Protein chains: 2
Amino acid sequence: MKRGNQERYQLQARILKALAHPARLAMVDELACGERCVWELTDLVGSDISTISKHLSILRASGLIESEKRGTSVYYRLRCPCITQLLGCVEATMKEDVRKRLKVIKGRGR
Amino acid sequence: MKRGNQERYQLQARILKALAHPARLAMVDELACGERCVWELTDLVGSDISTISKHLSILRASGLIESEKRGTSVYYRLRCPCITQLLGCVEATMKEDVRKRLKVIKGRGR
DNA sequence: TGCCTATTTGGTAAAATAGGCAAATATAGG
DNA sequence: CCTATATTTGCCTATTTTACCAAATAGGCA
C-alpha cells in the first residue's frame, strides 16, 4: 500500500472508531443541537455517569468534541460542525443499503 | 433517549465499526476504483490472506460490499457508491480538526 | 474551612476484536 | 480422478473495548 495512505487510514480509523458506538453517536447527535453538560447527556443515554464520562473522553481524545468547565459543570460541544454531515452520510449509506436489499428481495430473490 | 433513535444509532454504529479499521479503509478505498479479488487486496494491505478474507467478511456482513465468484476467484465490490462520500466526510472532519488545532497552537505562540 | 455537587479516575471482569497458522473447500485443468 | 490455485473457516492467543462500582478531584459556597 502507498506509504502515505497507511497513515491516513489510521487517522480516519481513529475518528470512525470514536464514533462507532451507539451511546457516542447519541451524544454527538445531541451535541449537534448545542453544548451540553455531563449530567444532561447521562439523562439522555441512561448509563452510569462514569461510563458517560469515559465515552466523552474518547470523543474528546479523537478531536471531535471539546469541553469547557463553567461554574460547577463541564460543558461539551462539537469541535467541527461538519461531523453532522458525516453522520448524514452514514444515514444515507444505511438507507441506500436498505433500498438495495429490498430491490433484491422483490426483484428475484437471488 | 427517544426509543426509535436507539435502534438507529445501533445501525449507524454497525456501519461505522465495520469501517473503523485501517486495513478495511484501505480495501474500501481500493474497491471504490472497481472490483477486486482477494489476492489483489492482500497484495495491497500486506496481511495474511486469511486475515484479509475475514476483514472482507466483516465488510460484507455490514452491507457495505458484496461478492461474486467468477472462475477461480471471488470478486468484491462496493454496494453503495455513496460510501466514498462518507469517506470524504471523514477526511474533511480530519482536516477541519487539524486546522483548528493549528489555530490554537499559533494563537498561543507554540 | 469543610461540605456539596459535578465529574473524572482506578480497578476489574466480561465481551469483542485482531491476526496468524493450519486445515477445509471449491473450482479449473490436465 | 488428481493437483494446483483461490478463498474461507476453525482454533487459539493477545489486545482492546465496555461498563459498573467505588474512590478521588475540583470548584463553589455556607
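The sequence lines fix the lettering, A, B, ..., with proteins before strands; numbering per chain opens at 1. The structure presented is a predicted model; accordingly, all values stated were derived computationally and were not measured.
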_Listed once per pair and sorted, the salt bridge (charged side-chain N to carboxylate O under 4.0 Å, His left out) pairs that draw on residues 11-23 of chain B, sequence neighbours left out_ =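 Sorted pair list comes back empty.
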
*Specify the closest pair of heavy atoms between B:G63 and A:D97, including all atoms of both residues, with the distance to one decimal.*
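Shortest heavy-atom separation between B:G63 and A:D97 comes out as O-OD1, 3.4 Å.
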
*asked:* Testing the basics here: between B:Y9 and A:P22, what is the closest heavy-atom pair and its distance to 0.1 Å?
replied: CB-O, 3.7 Å

Atom [atom1] of [X] and atom [atom2] of [Y]: how far apart are they, to the nearest 0.5 Å?
X	Y	atom1	atom2	value
A:K100	A:E96	NZ	CD	6.5 Å
A:M27	A:T42	CE	OG1	8.5 Å
B:L25	B:E30	CG	CD	13.0 Å

Whole Å only: how far is the [atom1] atom of [X] from the [atom2] atom of [N]?
X	N	atom1	atom2	value
B:K54	D:dT9	NZ	C1'	7 Å
A:L56	D:dT18	CG	P	13 Å
B:I49	D:dT9	CD1	P	13 Å
A:L19	D:dT18	CG	P	12 Å
B:H21	D:dT17	NE2	C1'	14 Å

*Would you say A:H55 reaches D:dA19's phosphate, i.e. side-chain N/O to OP1/OP2 under 4.0 Å?*
yes

*Can you list every ring-ring contact (aromatic ring centres under 6.0 Å, His included) pair that touches residues 77-103 of chain A, not counting sequence neighbours?*
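Listed by first then second residue: nothing to list.
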
_According to a hydrophobic-cluster definition based on side-chain heavy atoms being under 4.5 Å apart (Ile, Leu, Val, Met, Phe, Trp, Tyr only), do B:I49 and B:I58 belong together?_
no

_Reading DNA chain D from 5' onward, which residue's closest nucleotide shows up sooner: A:A23 or B:S57?_
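That would be B:S57.
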
*Please work out which residues in residues 25-35 of chain A have a non-hydrogen atom less than 4.0 Å from an atom of DNA chain D and list them by number.*
none

_What residues from residues 40-47 of chain A pass a heavy-atom cutoff of under 4.0 Å to DNA chain D?_
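Contacts with DNA chain D under 4.0 Å: A:S47.
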
*asked:* What range of DNA chain C does chain A touch, first nucleotide to last, counting atoms under 4.0 Å from its heavy atoms?
replied: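 On DNA chain C, the outermost contacted nucleotides are C:dA6 to C:dG11.
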
*When all nucleic acid strands are considered with a 4.0 Å heavy-atom cut-off, which category describes B:K17: base, sugar-phosphate, or nothing?*
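Contact class for B:K17: sugar-phosphate only.
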
*Taking atom CD of B:E91 as the centre, does the number of heavy atoms from other residues, nucleotides or ligands within less than 6.0 Å exceed 12?*
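Yes, CD of B:E91 has more than 12 neighbouring heavy atoms, counting only those of other groups under 6.0 Å.
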
_Linked hydrophobic residues, B:V98 as query - side chain contacts closer than 4.5 Å_ = B:L102

*Would you mind reporting whether A:L64 and A:R79 have side-chain heavy atoms less than 4.5 Å apart?*
no

List in chain and number order the residues that pass side-chain contact (heavy atoms from CB on, under 4.5 Å) with [X], two or more places apart in sequence or in another chain; answer none if no residue qualifies.
X	value
A:L78	A:V28, A:L31, A:A32, A:I65, A:I83
B:S47	B:V45, B:T51, B:I52
A:C37	A:W39, A:E40, A:S73, A:Y75

*When the C1' atoms of the five terminal pairs at each end define the local axes, what inter-axis angle does the helix from C:dT1-D:dA30 to C:dG30-D:dC1 show, to 10 degrees?*
10°

*Could you give all pairs that pass the side chain to side chain donor-acceptor pair (under 3.5 Å) test and reach residues 53-66 of chain A, with sequence neighbours left out?*
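For residues 53-66 of chain A: A:R24-A:H55, A:R60-A:S67, A:E66-A:R77.
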
*For DNA chain C, find the residues of residues 58-76 of chain A with a heavy-atom distance under 4.0 Å and give them by number; none if there aren't any.*
A:T72, A:S73, A:V74, A:Y76

*B:R8 bridged to A:D29 by N-O distance under 4.0 Å*: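 Salt bridge present between B:R8 and A:D29.
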
